[in-house]
Amino acid sequence: MDIQPFKGIIKEKTGLHFESEKEANLADGIRARMSQRAMATDAEYLACLMRDGDEFHALVNLLTVNETYFFREPIHLDLLAGRLLAAWLAERKPGEPIRILCAGCSTGEEPYSVMIKLLEKYGAGIKGYISIIGADIDSDALDRAKQGIYSGFSFRDFPAALRQKYFVPTEDGRHRIMDFVREKVQFMKLNLMGDRYPDALCNIDVIFYRNVSIYFEPETQRSIFNKLAGLLREKGWLFVSATETMSHNHGVLPLIELDGIFCFQKNVHLTAHDRTGHKTHAREPSRPAAATKIAGPASVTRPHGPQDPGRPLPSPRAASRPAPMDAKTGTERSSFNDALAKAQSRRYEESLGCIDRLLAHQPSLTKGYLLKAEILITLECLDEAEQVCRQSIKLDPWSLEGHLLLGMIARLRNQSEAAVRRFKDALYIQSSCWLGHFFLAEIYAVRGEGKNALREYGIVINLLNKADGANHGPSFSLHAFSADQIQRVCQHNFLRLKQKSV
Ligand SMILES: C[S@@+](CC[C@H](N)C(=O)[O-])C[C@H]1O[C@@H](n2cnc3c(N)ncnc32)[C@H](O)[C@@H]1O
């Protein structure tokens, strides 16, 4: 199949980019649709795709990655429910709801999480002050969002008590979101690559645009970010995930550090004083900049006006937080070692939560991305793992671990040529990395390239024979790469290949 014209159309119309290693996913999607439509040649299908908008969307629905879950990166929700909303509720007039958009909302977990967070903090009375829209290009995902029925994986980071409170069990063991939450969230189909966004999407106060841009190339990221910035009200906020923050700090919106969390804010020409009286300035949108730090009192105000008669508006309360609180900022802090320990004891979801919090505070902490990528590889979320690795390499192009992990991902996808390239990149950075040589040897052995495999196994044995050989791998790893075991495997394979070659 000539995949190039398909790649071109999909990228042009949706932004989704299928670089070499992901071409297989695109090809699978095309084949699935061709068989559904009983089409024999890719040329016939390409022509159909060009003229038939419905077919185009059916294909796109197969190509999107819809990975999401409730309370993903909860620090953004905490900030919204606490400080941001408190300020707005105090100044907004009745009939002027606070407008929240989840751009790339997938199956709805994100907008419903926002609603639940606000209900938890303010009670049912908040419903009159909020409007939440979830938008996505994938109509299948939107149908599922509207249905609001979820299986266990969506609740992986969500407190059981809240599931009981806001969901009802279905007969097949899943959970349906309660109507009073569901009806507060509107869903709409939206192609973020579209020339013009619907008028309904104007004057937005907060945009969540998280874990969507990772599928786009830099110029697409920039163009969509520009358009989303155009939807914001003055001083509105835009959240991307911690791993996406730096790639959007190109000056279109100023990057602000608010209570230790990084986010973008529109047209802030403000001078703020924190409690201690230090002056801080937000920067003009011009060029990538260090984040402006704004700290200050967060007065939490309850909304005025009619309350939902069924449920009184309770006092705002802090959500239960497993991580220790930072005394100055009141935000969660988590250390890398904590995250590593959790991952090493296979508490992956908890560890991912810790890392996301950590990266929100320190978005240039390369090892945070690397650990996250390792966990995602373990959980077989390879697309996400790859994006996170790329992020780490963007921060540190000489990251040995980043290149090794990309090699492991390619290997797991059976993309041996790409894996070889990655491991060679790693060895260019550190030629004494025995793990890189070991992976190369294994790939060559599987491909029947005995001579190459022999050479690489030999190098591993030599490196491990040196006293400090065990130190020539990555600085940390979740994977049990015992130098002893690997040395035995290499010696065994080396002898076997040697016998074969004579
Ligand atoms: C990984 S999900 C992210 C879900 C959620 N925001 C989160 O952080 O959990 C990415 C979503 O972006 C959507 N998406 C990809 N390209 C898009 C486009 N051009 N316009 C709108 N949505 C798009 C996909 O359909 C998918 O549902």
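Just so you know, residue 1 is the first one in the sequence shown, and it goes up from there. Counting convention: from 1, in listed order, for ligands and their atoms alike. In this text the structure is predicted, and so the values were computed from the model without any measurement.
Heavy atoms of F216 approach ligand 1 to within less than 4.0 angstrom.
Taking atom 19 (N) of ligand 1 as the reference point, the nearest protein heavy-atom neighbour is T14 O, 2.8 Å. The single protein non-hydrogen atom nearest to atom 7 (C) of ligand 1 is R72 NH1, 3.4 Å, given as residue, atom name and distance. Scanning the protein heavy atoms around atom 15 (C) of ligand 1, the nearest turns out to be L16 CD2, 3.9 Å. Counting only heavy atoms of the protein, atom 23 (C) of ligand 1 lies nearest to I137 CG2, 3.5 Å. Atom 8 (O) of ligand 1 has its closest protein heavy atom at N211 ND2, 2.8 Å. The closest protein non-hydrogen atom to atom 12 (O) of ligand 1 is V212 CG1, 3.5 Å. Counting only heavy atoms of the protein, atom 26 (C) of ligand 1 lies nearest to V65 O, 3.3 Å. The shortest contact between atom 24 (C) of ligand 1 and any protein heavy atom is with D136 OD1, 3.5 Å.
For the side chain to side chain donor-acceptor pair (under 3.5 Å) test with D205, the passing option among K266, R92, K235 is R92; the others fail. When each of L258, V206, L85 is checked for a side-chain contact (heavy atoms from CB on, under 4.5 Å) with L79, only L258 meets the rule.
In this structure, K342 pairs ionically with D338, as a charged nitrogen and a carboxylate oxygen lie closer than 4.0 Å.
Around atom 9 (O) of ligand 1, the closest heavy atom drawn from L63, L190, T64, T68 belongs to T68. Relative to atom 6 (N) of ligand 1, the option among S113, G104, G134 with the closest non-hydrogen atom is G104.
Within the 4.0 Å heavy-atom criterion, the part of E110 lying near ligand 1 is the side chain and not the backbone.
Close contacts of ligand 1 with S106, meaning ligand atoms under 4.0 Å from a residue heavy atom, involve 4 (C), 27 (O). Close contacts of ligand 1 with N66, meaning ligand atoms under 4.0 Å from a residue heavy atom, involve 25 (O), 26 (C), 27 (O). Shown in contact with N191 at under 4.0 Å from a heavy atom are these atoms of ligand 1, numbered in order with element: 18 (C), 19 (N), 20 (N).
S154 and E109 share a side-chain donor-acceptor pair at under 3.5 Å. With no hydrogens or angles considered, no side-chain donor-acceptor pair links N337 and S335 at under 3.5 Å. Looking at N191 and T14, their side chains never bring a donor and an acceptor atom within 3.5 Å of each other. Judged purely by distance below 3.5 Å, without hydrogens or angles, the side chains of S241 and E244 pair a donor atom with an acceptor atom.
Inclusion of D138 in the set of residues having an N or O under 3.5 Å from an N or O of ligand 1 is not warranted. Residue C105 has no N or O atom closer than 3.5 Å to an N or O atom of ligand 1. Residue A141 places no N or O, backbone or side chain, under 3.5 Å from any N or O of ligand 1. Checking only distances, L192 does come within under 3.5 Å of ligand 1, N or O to N or O. No N or O atom of Y69 sits closer than 3.5 Å to an N or O atom of ligand 1. Annotation: Y215 places no N or O atom under 3.5 Å from an N or O atom of ligand 1; distance criterion only.
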For this session: Please assess Y112 against F167 for the test ring-ring contact (aromatic ring centres under 6.0 Å, His included), listing each intermediate value before the final yes or no.
Result: CA-CA 11 Å; Y112 288 137; F167 293 81; 7.8 Å; no
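Between the side chain of D42 and the backbone N or O of D2 there is at least one donor-acceptor pair closer than 3.5 Å.
Within the 4.5 Å cutoff, the side chain of V240 has no heavy atoms near those of the S213 side chain.
Counting non-hydrogen atoms of neighbouring residues, nucleotides and ligands closer than 6.0 angstrom, the CZ atom of R182 exceeds 12 such neighbours. Counting non-hydrogen atoms of other residues, nucleotides and ligands closer than 6.0 Å to CD of Q164 gives a total of 12 or fewer. Atom CE of M50 has 12 or fewer neighbouring heavy atoms from other residues, nucleotides or ligands inside a 6.0 Å radius.
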